[in-house]
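One-based numbering along the sequence shown. Both counts, for ligands and for their atoms, begin at 1 and track the order of listing.
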Amino acid sequence: MRKTIQSKNGRDVLTLAIETSCDETSAAVVKNGREVLSNVISSQIDLHKKFGGVVPEVASRKHVENVNIVIQEALDTANVELKEIDQIGVTYGPGLVGALLVGVSAAKAMAYALKIPLIGVNHIEGHICANYIEDKTLVPPFLCLIVSGGHSHLVFVEDYGIYEVLGKTRDDAVGEAFDKVARAMGLGYPGGPLIDALAQKGDTKAIKFPRVYLEADSFDFSFSGIKSAVLNYLNGEKQKGNPIVVENVAAGFQQAVIEVLVYKTIEAAKRKKTDTIVLAGGVAANSGLRRMLTEEGKKQGLKVKYPSLTLCTDNAAMIGCAAYYDYLAGHAADLYLNAVPNLKLGEKYVRYSQE
Ligand code: KG4
Ligand code: ZN
């Protein structure tokens, strides 16, 4: 098992990484997988806010406008010239197909022109790898809870690039539930950070929302029920003419969600006999989740780690890290690389060409 950070042939490897899977156009230069020389993120949030969520067609167009500018800025900030880049890493799924295609096309053009390897990266794997950047000492095996706007997975990371998916959501992703509940409360988009901030001022016990654990031995999740329970509560109170204490709704909802996440994550860590849990994805920025998982983990003798806020949400540095480990494992793509909107964790790109 490979346990140390190493470069191919003992020399430094510079990766230029591109991420355009949703509403962030991002490019980064990463040295030997874990040293971030630049991580430029151009967020489209303001553009999508007025629609209450990401509009795929609008996202693709904005990526087209931004991608070259963001790539150039990443090179300039890193003080690196294109000719020094050893490989291009790009997110090719999962995500919005039109958005992914912008990054994939830019990456293919650059890899072809520069005659350097092209690596197709799985976005979820990128989120896991954000932890390798945050903590330079982190090595597999460990358990990872990935919670974002599109995904909720409990994954055992056996080694670099080797994953066992223990459970995932059967309906809404956690971030999606936060965003939908926030929308119903009239808070705006994205809802996660807004609910997080309100919840800190509310009483977690004032309103009891359901906790959905599913079957006793299952590590799957379901968040559509709690989302509906909050919407029903809001409608019911409105009909009765009662005032709604938004802080308490936010606190009650968040508590119900994180109790389930924390319980299942700790049970999964015990099942896999690992002493390390890491968080990943946009919802890993949630202050309540970070606090409760750390506290409950400590009681069980488990170490809990999570990335800084910038590395939790979508960014290209995490893609550069994943691309580096793919490169060491020999998973280079070719120019047939295409966007795969529903790409599964652990699926590797199969080359068509032999060159
Ligand atoms: O990983 P990410 O940037 O994009 C996807 O790959 O989906 O995650 C975005 C999601 C959104 O649903 C957003 O509301 C949620 O992460 N989020 C949060 C927080 N910050 C972002 N959810 C709860 N608490 C937060 N502090
Ligand atoms: Zn993401």
**Q** Can you tell which part of Asp314 has a heavy atom less than 4.0 Å from ligand 1: side chain, backbone, both or neither?
**A** both

**Q** Out of Ala130, Gly282, Ala197, Gly281, who is nearest to atom 17 (N) of ligand 1 when you count heavy atoms only?
**A** Gly282

**Q** Strictly under 2.8 Å, is any N, O or S atom of Cys22 next to the Zn ion (ligand 2)?
**A** no

**Q** For atom 15 (C) of ligand 1, what is the nearest protein heavy atom, given as residue, atom name and distance?
**A** Val283 CG2, 3.9 Å

**Q** Between the Zn ion (ligand 2) and His123, is there an N, O or S atom separated by less than 2.8 Å?
**A** yes

**Q** Counting only heavy atoms not in Arg61 (residues, nucleotides, ligands), do more than 12 fall under 6.0 Å from its CZ?
**A** no

**Q** Can you sort out which atoms of ligand 1 are near Thr313, meaning under 4.0 Å from one of its heavy atoms?
**A** 3 (O)

**Q** Below 4.0 Å from ligand 1: does a non-hydrogen atom of His151 turn up there or not?
**A** no

**Q** Could you see if Ile128 belongs to whatever hydrophobic cluster contains Tyr160? Use Ile, Leu, Val, Met, Phe, Trp, Tyr and a side-chain cutoff under 4.5 Å.
**A** yes

**Q** Using a 4.0 Å cutoff against the non-hydrogen atoms of Pro190, which atoms of ligand 1 qualify?
**A** 14 (O)

**Q** Counting non-hydrogen protein atoms only, what is the nearest one to atom 12 (O) of ligand 1? Give residue, atom name and distance.
**A** Asp179 OD2, 2.8 Å

**Q** Just to be sure I'm reading this right: ignoring hydrogens, which of Gly149, Cys22, Gly175 gets closest to atom 9 (C) of ligand 1? Compare them by their nearest heavy atoms.
**A** Gly149

**Q** Check each heavy atom of Asp196 against ligand 1 and say whether those closer than 4.0 Å belong to the side chain, the backbone, both or neither.
**A** side chain

